[in-house]
J.: 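Encoded as structure tokens, here's the structure I'll be asking about.
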Amino acid sequence: MNSVEAARWYFDQAADHIGLSQNMRKLLLTPEREIKVQISLERDNGDIGTFLGYRVQHDSARGPMKGGLRFHPEVDAEEVVTLAQLMTWKTAVVNIPYGGAKGGVAVSVADLSRRELEALTRKFVDAIHDMIGPDKDIPAPDMGTNAQVMAWFMHQYQKYHGFSPACVTGKPLELHGSEGREEATGRGVVTVTAELLQRLKRNLAGSTVALQGFGNVGSFAARFFHEAGAKVVGVADVQGAVWNPAGLNIPDVLKWSADNRGIAGFPGSEPISNAELLTADVDILVPAALGGVLTAENAAQVRAKVIIEAANNPTRPEADEIFQKREIPVLPDILANAGGVTVSYFEWVQNQQHFKWDLARVRQELDRVMVDSFDRVWNIAREKSVSLRTAAYIIGIGRVGRSTVLGGI
Ligand code: NAD
């Protein structure tokens, strides 16, 4: 099953439950617009680099479309369509007034100089600026992009459209960014994990955690797990994983990773492979890097008691079925990692109002959204005897479907 078929499979599980007609399924799944552009730039060595950039605007029934911008070699049209759909259901699950979109450029950021990265970002904006904007489609950081990239993005957009900080979120604090945006996805992940464990009559404090991915999402999730008293025993990044059964000192790992451009070689840990990390004997497994890492091949070996999808699309349907049979709860991406888009929404609200919130307010509002959304998903899952993922999709599809019909087809 490719990623589009996998997204369709998850969608259909919920659509069957709510008796959605084939007509509505086709309408809700078809993206409103798919954009593919050429980005060419002069490389530092005088060569010409040509890259493909994508933006998929999936659905705007509930508001302007929202979704990250990914710079990664594996970005392609199919993946961006899948991720844009996920954004539509995600914004609906946490009930923020947005639709869904996603974008990306097929490029390895590690191979670009800072000047080349800036040029690539600005050229991408040149190509798509007419089709995005604060009331149309608002990008944000994702894999391979960060606050600096968002700053260049905003600056270039403003050359065409004048002052409009709400055209993109995840900006630096000095340039109309929001307090708490960088930590938001990781914080949300830990908030909903705590809620899940409470329902399962387990404690987060003392639970063991393995995390794949130590970028924006993974590193903040690790920090909040550590602060909550959980024992983070393994973390992985693209170069490999480190393991310490007594628990890794996360503040030290963060410092080591920043100083050494990766976690490999962290003192007092043993190296393990990414594959070993995913099947390690832990209470909580958190994929927080790439999609498609939990598969038919490794699902039977996974020993975690719960799986928290901090990454987008980490679980293939074949693996999801195995986890359901084995009664391993999977907290789905469209809920688990929705903290990022939620604080992106807060940033957009602040930009529109020219009024800044402090960190305490951002955290309080985020925690409320995540806890309320978790409650609703948990209750539907119990009422209808479905998985947490199907429950989340029932809520998401239901909200988007009702807005679509109320607006008129
Ligand atoms: P990032 O670029 O900041 O970090 C990615 C991390 O994954 C890095 O530590 C990298 O080394 C690691 N990685 C990359 N390839 C790997 C591989 N093959 N094996 C193991 N580790 C690998 O990205 P991010 O923003 O933290 O995003 C991570 C995931 O979370 C993505 O799936 C993204 O779509 C999702 N997500 C991000 C946000 C956000 O706010 N940034 C919000 C929601 C969902």
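We use all heavy atoms of the structure for the numbers below, so side chains are in, but hydrogens, waters and symmetry mates are not. All residue numbers refer to positions in the sequence shown, counting from 1. For clarity, every value in this text was computed on a predicted model and none was experimentally measured.
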J.: For V105 and L52, what are the C-alpha separation, side-chain angles and deciding distance, and is it a side chain to side chain contact (heavy atoms under 4.5 Å, CB included)?
T.: CA-CA 6 Å; V105 178; L52 288 175; over 6 Å; no
J.: Tell me which donor-acceptor pairs under 3.5 Å the side chains of residues 393-407 have, and how far apart each pair is, sequence neighbours excluded?
T.:
residue : atom : partner : partner atom : Å
R399    : NH1  : A92     : O            : 2.7
R399    : NH1  : V93     : O            : 3.2
R402    : NH1  : G398    : O            : 3.4
S403    : OG   : R399    : O            : 3.1
T404    : OG1  : V400    : O            : 2.7

J.: Determine whether more than 12 heavy atoms belonging to other residues, nucleotides or ligands lie under 6.0 Å from atom NE2 of H155.
T.: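 No.
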J.: A side-chain contact here means heavy atoms from C-beta on lying under 4.5 Å apart; do M1 and R316 qualify?
T.: no
J.: What donor-acceptor contacts under 3.5 angstrom involve side-chain atoms of residues 210-221, with partners at least two apart or in another chain?
T.:
residue : atom : partner : partner atom : Å
Q212    : NE2  : N274    : OD1          : 2.7
N216    : ND2  : E182    : O            : 3.0
S219    : OG   : G215    : O            : 2.6

J.: Can you name the residues that form a side-chain contact (heavy atoms from CB on, under 4.5 Å) with A147, not counting sequence neighbours?
T.: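 Only P172 meet the side-chain contact (heavy atoms from CB on, under 4.5 Å) criterion with A147.
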J.: Any non-hydrogen side-chain atom of L117 less than 4.5 Å from a side-chain atom of F71?
T.: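 Side-chain contact under 4.5 Å: yes.
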J.: State, yes or no, whether a side-chain contact exists between I138 and S344 at a heavy-atom distance under 4.5 Å.
T.: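 Contact flag for I138/S344 side chains = no.
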J.: Holding to side chain to side chain donor-acceptor pair (under 3.5 Å), I want the full list of residues that pass it with E347, two or more places apart in sequence or in another chain.
T.: K171
J.: Examine distances only and state if a side-chain atom of Q13 and a backbone atom of Y10 form a donor-acceptor pair shorter than 3.5 Å.
T.: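 Such a contact is absent between Q13 side chain and Y10 backbone.
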J.: Apply the test side chain to side chain contact (heavy atoms under 4.5 Å, CB included) to residues Y98 and M87: give CA-CA distance (whole Å), side-chain angles for both, the deciding distance (0.1 Å), then the verdict.
T.: CA-CA 9 Å; Y98 280 147; M87 287 308 300; over 6 Å; no
J.: D111 and V109: side chain to side chain contact (heavy atoms under 4.5 Å, CB included), yes or no, with the steps?
T.: CA-CA 5 Å; D111 298 340; V109 175; over 6 Å; no
J.: Could you pull out all donor-acceptor pairs under 3.5 Å where a side-chain atom in residues 238-245 meets a protein atom, sequence neighbours excluded?
T.:
residue : atom : partner : partner atom : Å
N244    : OD1  : A246    : N            : 2.9
N244    : ND2  : G268    : O            : 3.2

J.: In terms of side-chain geometry, is the basic nitrogen of D333 or K90 positioned less than 4.0 Å from the acidic oxygen of its partner?
T.: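 Salt bridge flag = no for K90 with D333.
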J.: Is there a donor-acceptor pair closer than 3.5 Å between any side-chain N or O of Q156 and the backbone N or O of K123?
T.: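 Flag not set: sc Q156 to bb K123 has no pair under 3.5 Å.
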J.: Could you tell me the separation between the CD atom of E32 and the CD atom of Q57, rounded to the nearest 0.5 Å?
T.: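 Spacing of CD (E32) from CD (Q57) equals 7.5 Å.
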J.: Surrounding CD of Q364 (heavy atoms of other residues, nucleotides or ligands, distance under 6.0 Å), is the total greater than 12?
T.: no
J.: Would you call K356-E179 a salt bridge at under 4.0 Å N-O?
T.: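 No salt bridge links K356 with E179.
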J.: Nearest 0.5 Å please: distance from the CG atom of L366 over to the OG1 atom of T191.
T.: 6.0 Å
J.: Check this for me: does any side-chain nitrogen of one of D137 and R33 sit under 4.0 Å from a carboxylate oxygen of the other?
T.: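 No salt bridge links D137 with R33.
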J.: Working to the nearest 0.5 Å, report the span between OG1 of T50 and CZ of R43.
T.: 10.0 Å
J.: Strictly distance-based, threshold 3.5 Å: is any side-chain N or O of S269 a donor or acceptor partner for the main-chain N or O of G265?
T.: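 No, because the side chain of S269 does not come within donor-acceptor range (under 3.5 Å) of the backbone of G265.
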J.: Quick one: pull up OG1 in T121 and CG in L69 and give me the separation to the nearest 0.5 Å.
T.: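 Answer for the OG1-CG pair, T121 versus L69, is 7.5 Å.
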J.: So, the side chain of E34 versus the backbone of V56: is there a donor-acceptor pair under 3.5 Å, distance only?
T.: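 Side chain of E34 to backbone of V56: no pair is present.
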J.: Quick check: does any side chain N or O of S60 sit under 3.5 Å from a backbone N or O of G63, one acting as donor and the other as acceptor?
T.: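 Such a contact is absent between S60 side chain and G63 backbone.
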J.: Taking atom CG of N379 and atom NZ of K384, what is their separation to the nearest 0.5 Å?
T.: 12.0 Å
J.: Counting only pairs under 3.5 Å, give me each side-chain donor-acceptor contact of residues 300-308, with atom names and distances, residues two or more places apart or in other chains.
T.:
residue : atom : partner : partner atom : Å
R303    : NE   : T279    : O            : 3.0
R303    : NH2  : T279    : O            : 3.3

J.: By side chain to side chain donor-acceptor pair (under 3.5 Å), which residues pair with R70, not counting sequence neighbours?
T.: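 Once residues adjacent in sequence are excluded, the partners of R70 under the side chain to side chain donor-acceptor pair (under 3.5 Å) criterion are E79, D142.
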J.: When you check the gap from the basic side-chain N to the acidic O, do E321 and K325 get nearer than 4.0 Å?
T.: no
J.: How about E183 and R363: do any of their side-chain heavy atoms sit closer than 4.5 Å?
T.: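 They are in contact (side-chain heavy atoms under 4.5 Å apart), so the answer is yes.
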J.: Count the heavy atoms of every other residue, nucleotide or ligand shown that sit under 6.0 Å from CD of E42, and state whether that count exceeds 12.
T.: no
J.: Are R382 and W378 in a cation-pi setup, meaning NZ or CZ lies under 6.0 angstrom from the ring centre and within 45 degrees of the ring axis?
T.: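 That pair qualifies as a cation-pi contact.
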J.: Do I35 and Y54 have side chains that approach each other closer than 4.5 Å (heavy atoms only, starting at C-beta)?
T.: no
J.: Please report the closest heavy-atom contact between P134 and Y157, naming both atoms and the distance.
T.: CD-OH, 3.6 Å
J.: Under 3.5 Å, side chain of N337 to main-chain N/O of A310, donor-acceptor pair present?
T.: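 The answer is yes, because a donor-acceptor pair under 3.5 Å joins these two groups.
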J.: Of the non-hydrogen atoms in D59 and M65, which two are nearest, and what is the gap between them?
T.: O-CG, 3.1 Å
J.: Rounded to the nearest 0.5 Å, what separates atom CG in N203 from atom CD in Q198?
T.: 9.0 Å
J.: With sequence neighbours excluded, tell me which residues meet side-chain contact (heavy atoms from CB on, under 4.5 Å) with Q22.
T.: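 Result, side-chain contact (heavy atoms from CB on, under 4.5 Å) vs Q22: R8, R25.
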J.: Please check if the side chain of D237 supplies one atom and the backbone of I263 the other of a donor-acceptor pair under 3.5 Å.
T.: yes
J.: Answer yes or no: is there a side-chain heavy-atom contact under 4.5 Å between L120 and W152?
T.: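 They are not in contact (no side-chain heavy atoms under 4.5 Å apart), so the answer is no.
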J.: Check whether more than 12 heavy atoms from other residues, nucleotides or ligands sit under 6.0 Å from atom CZ of R326, and answer yes or no.
T.: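 It does: R326 CZ has more than 12 such atoms within range.
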J.: Partners of T295 by side chain to side chain donor-acceptor pair (under 3.5 Å), sequence neighbours excluded?
T.: E297, N298
J.: With sequence neighbours left out, what residues match Q324 under side-chain contact (heavy atoms from CB on, under 4.5 Å)?
T.: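 Q324: side-chain contact (heavy atoms from CB on, under 4.5 Å) contacts with D320, S387.
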J.: Output all residues satisfying side-chain contact (heavy atoms from CB on, under 4.5 Å) with D372, sequence neighbours left out; order by chain, then residue number.
T.: R368
J.: Any non-hydrogen side-chain atom of W357 less than 4.5 Å from a side-chain atom of E365?
T.: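 The answer is yes, as the side chains (C-beta and beyond) meet within the 4.5 Å cut-off.
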J.: Is the W89 to H58 ring centre distance short of 6.0 Å?
T.: yes
J.: Taking only residues two or more places apart in sequence or in another chain, which ones pass side chain to side chain donor-acceptor pair (under 3.5 Å) with R114?
T.: Q148
J.: Looking just at side-chain N and O atoms, do K102 and T82 make a donor-acceptor pair shorter than 3.5 Å?
T.: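 The answer is no; no qualifying pair exists.
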J.: Looking at F346, is its backbone amide N or carbonyl O close enough to the side chain of Q350 to form a donor-acceptor pair, meaning the two atoms are under 3.5 Å apart?
T.: yes
J.: Side chains of D283 and V209: does their closest heavy-atom pair fall under 4.5 Å?
T.: no
J.: Between R62 (side chain) and I96 (backbone), is there a donor-acceptor pair under 3.5 Å?
T.: yes
J.: Tell me whether S178 contacts the main-chain N or O of R181 through its side chain, where contact means a donor paired with an acceptor under 3.5 Å.
T.: no
J.: Does the side chain to side chain contact (heavy atoms under 4.5 Å, CB included) test come out yes or no for I284 and L197, once each step is laid out?
T.: CA-CA 10 Å; I284 305 167; L197 292 190; 3.8 Å; yes
